[in-house]
Amino acid sequence: MPELPEVEVTRLSFAHRIAGATIEAVSLGQSLRWPLGIRPEKLLGRRVLAVRRRGKYLLLDLSEGLLLIHLGMSGSLSFASQLPERTKHDHVELRTSLGTLRLNDPRRFGAVVYAQSETSPIARKLLGGLGVEPLSEDFRPENFHAALQQRKSAIKQVLLAGDIVVGVGNIYASEALFLAGIRPTLAAHRISRPRAARLHAAVREVLARAVEKGGSTLRDFSNAQGENGYFQLEAMVYGRAGLPCKVCGTTIRLIKQGQRSTFYCPACQK
DNA sequence: AAAAGCCCCTGGATGC
DNA sequence: TGCATCCAGGGGCTTT
């Protein structure tokens with residue numbers, strides 16, 4: 001489910017409510033992708049200072065150390081003073097003085113990992129290889145073009161890899177490439193400077209727009225307040241195989257790239 | 001260094 | 001209704 005917009009929407013939905021809370025209890029369900037990395041009782045009494053985002057990770061700054069939270073494919077967070085009864089896919093629960101934070105993740109590709117600092121070995125392993133934040137000032141057309149020149153694989157897969165620019169997942173990669181008029185199979189190093197600039201703008205535009213719409217709720221995504229997203233309703237190509245392009249009417253195509261679906265318009269994207 | 005495949009896991013939709 | 005197959009928002013790890 002969660003690409004940058006869904007993670008950011010989740011962050012916005014509880015960051016201000018959990019800030020300053022003291023951790024009172026931690027309980028774990030089934031194992032996730034990685035172990036927590038600290039004895040849960042060690043977290044008791046620590047405070048949650050802030051919630052930041054890096055790529056698709058949420059970073060909970062604690063009075064000592066931080067928690068890295070990843071939602072994987074099917075994870076979602078809830079934060080409320082009163083939550084419904086726990087179900088079998090609720091794998092991490094953090095009870096605090098201001099409410100309970102709960103991770104639900106049926107597929108368990110997600111994770112909650114403790115790190116002593118952002119430079120600790122585990123934090124470096126998870127965050128170290130990440131590319132630039134697409135919505136920050138550091139994401140610049142010139143640098144983006146230069147980075148693409150180094151890569152021979154298909155632009156869609158380069159976007160997904162996340163080592164040049166973070167946060168673009170399977171939905172928004174297809175959407176950004178449509179917006180930029182670029183064929184997903186085009187080798188990244190073949191993209192001209194002006195076209196790279198156009199893709200740069202498209203990535204920013206599609207992600208920012210998706211955040212505004214509360215993300216995409218394809219099956220089960222909701223933010224930490226339980227609210228759904230609506231960006232999927234305005235998707236131009238994602239999930240629209242066989243349907244007419246909203247711009248030119250040509251039938252949208254579905255192909256596989258690296259075992260993942262890619263959608264594009266063969267007329268609008270060259 | 002980069003690229004390509006594999007795999008982790010559960011559940012919903014579809015087909016016979 | 002039962003069972004097999006395919007598919008799904010991610011990404012680390014291993015092998016070329």
Side-chain angles (χ1 to χ4, degrees), chain A residues 1-11 29-35 37 53-58 68-77 87-92 103-113 121-131 146-176 184-190 206-207 210-211 213-223 228-235 237-242 254-263:
Chain A
M1 116 218 176
E3 305 181 34
L4 181 150
E6 290 74 31
V7 177
E8 179 63 8
V9 162
T10 297
R11 188 184 75 81
Q30 285 181 278
S31 66
L32 295 167
R33 179 156 195 174
W34 294 293
R53 182 188 55 73
R54 178 73 179 98
K56 297 172 187 168
Y57 285 90
L58 286 175
L68 310 181
I69 301 179
H70 199 289
L71 302 178
M73 287 280 268
S74 59
S76 62
L77 290 176
T87 64
K88 63 172 175 175
H89 295 311
D90 295 327
H91 304 304
V92 179
L103 173 68
N104 179 276
D105 185 3
R107 293 178 71 181
R108 294 194 280 129
F109 290 168
V112 177
V113 175
I122 185 68
R124 294 182 91 98
K125 180 176 95 165
L126 299 183
L127 307 176
L130 297 183
L148 295 184
Q149 289 301 109
Q150 309 301 119
R151 305 286 281 269
K152 293 184 179 171
S153 43
I155 182 60
K156 158 82 171 349
Q157 297 184 258
V158 170
L159 286 177
L160 279 191
D163 52 350
I164 293 179
V165 57
V166 292
V168 182
N170 210 39
I171 299 177
Y172 301 111
S174 282
E175 291 300 309
T185 50
L186 185 61
H189 69 118
R190 289 244 166 87
V206 80
L207 294 178
V211 171
K213 301 300 285 185
S216 295
T217 297
L218 259 44
R219 18 168 60 85
D220 51 13
F221 170 74
S222 64
N223 69 29
N228 290 341
Y230 295 94
F231 182 84
Q232 72 283 1
L233 300 176
E234 48 190 78
V237 289
Y238 186 86
R240 302 195 67 249
L254 165 60
I255 59 172
K256 290 287 178 188
Q257 291 182 285
Q259 298 123 263
R260 313 206 55 192
S261 294
T262 301
F263 301 85

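Here is how names work: the chains are called A, B, and so on, in the same order as the sequence lines, proteins then strands, and each is numbered from 1.
Considering only residues two or more places apart in sequence or on other chains, A:A146 meets the side chain to side chain contact (heavy atoms under 4.5 Å, CB included) condition with none of them. Residues satisfying the side-chain hydrogen bond (donor to acceptor under 3.5 Å, both in side chains) criterion with A:R54, sequence neighbours excluded, are A:E133. Evaluation of the side chain to side chain contact (heavy atoms under 4.5 Å, CB included) rule for A:T185 yields A:R183, A:I255, A:Q257 as partners, not counting sequence neighbours. Take A:K256 and apply the side-chain hydrogen bond (donor to acceptor under 3.5 Å, both in side chains) test, not counting sequence neighbours, and it matches A:S261. With sequence neighbours excluded, no residue forms a side-chain hydrogen bond (donor to acceptor under 3.5 Å, both in side chains) with A:R33. In this structure, the side chain to side chain contact (heavy atoms under 4.5 Å, CB included) partners of A:T217, at least two apart in sequence or on a different chain, are A:F221, A:N228, A:Q232. For A:K156, the side-chain hydrogen bond (donor to acceptor under 3.5 Å, both in side chains) partners at least two apart in sequence or on another chain are A:N170, A:T262. Listed by chain and residue number, A:M73, A:R107 satisfy the side chain to side chain contact (heavy atoms under 4.5 Å, CB included) test with A:F109 (two or more places apart in sequence, or in another chain).
Across C:dC13 and B:dC9, the matching P atoms stand 15 Å from one another, rounded to whole Å.
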Notebook entry, point to check: Reading nucleotides 11-16 of chain C 5' to 3', which nucleotides get B (base under 4.0 Å from a protein heavy atom), which S (sugar-phosphate only), which -?
Noted result: BSS---
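Chain A approaches DNA chain B within less than 4.0 angstrom (heavy atoms of the protein), and the contacting nucleotides run 5' to 3' from B:dA3 to B:dG11.
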Check: So what does the secondary structure string of DNA chain B come out as, 5' to 3', with Watson-Crick or wobble pairs under 3.5 angstrom, [ ] for crossing and | for pairs with another strand?
Finding: .|||||||.|||||||
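Within 4.0 Å (heavy atoms only), A:S174 reaches no atom of the nucleic acid at all.
Judged as a salt bridge (Lys or Arg N to Asp or Glu O under 4.0 Å), not a single pair has a partner in residues 68-77 of chain A (not counting sequence neighbours).
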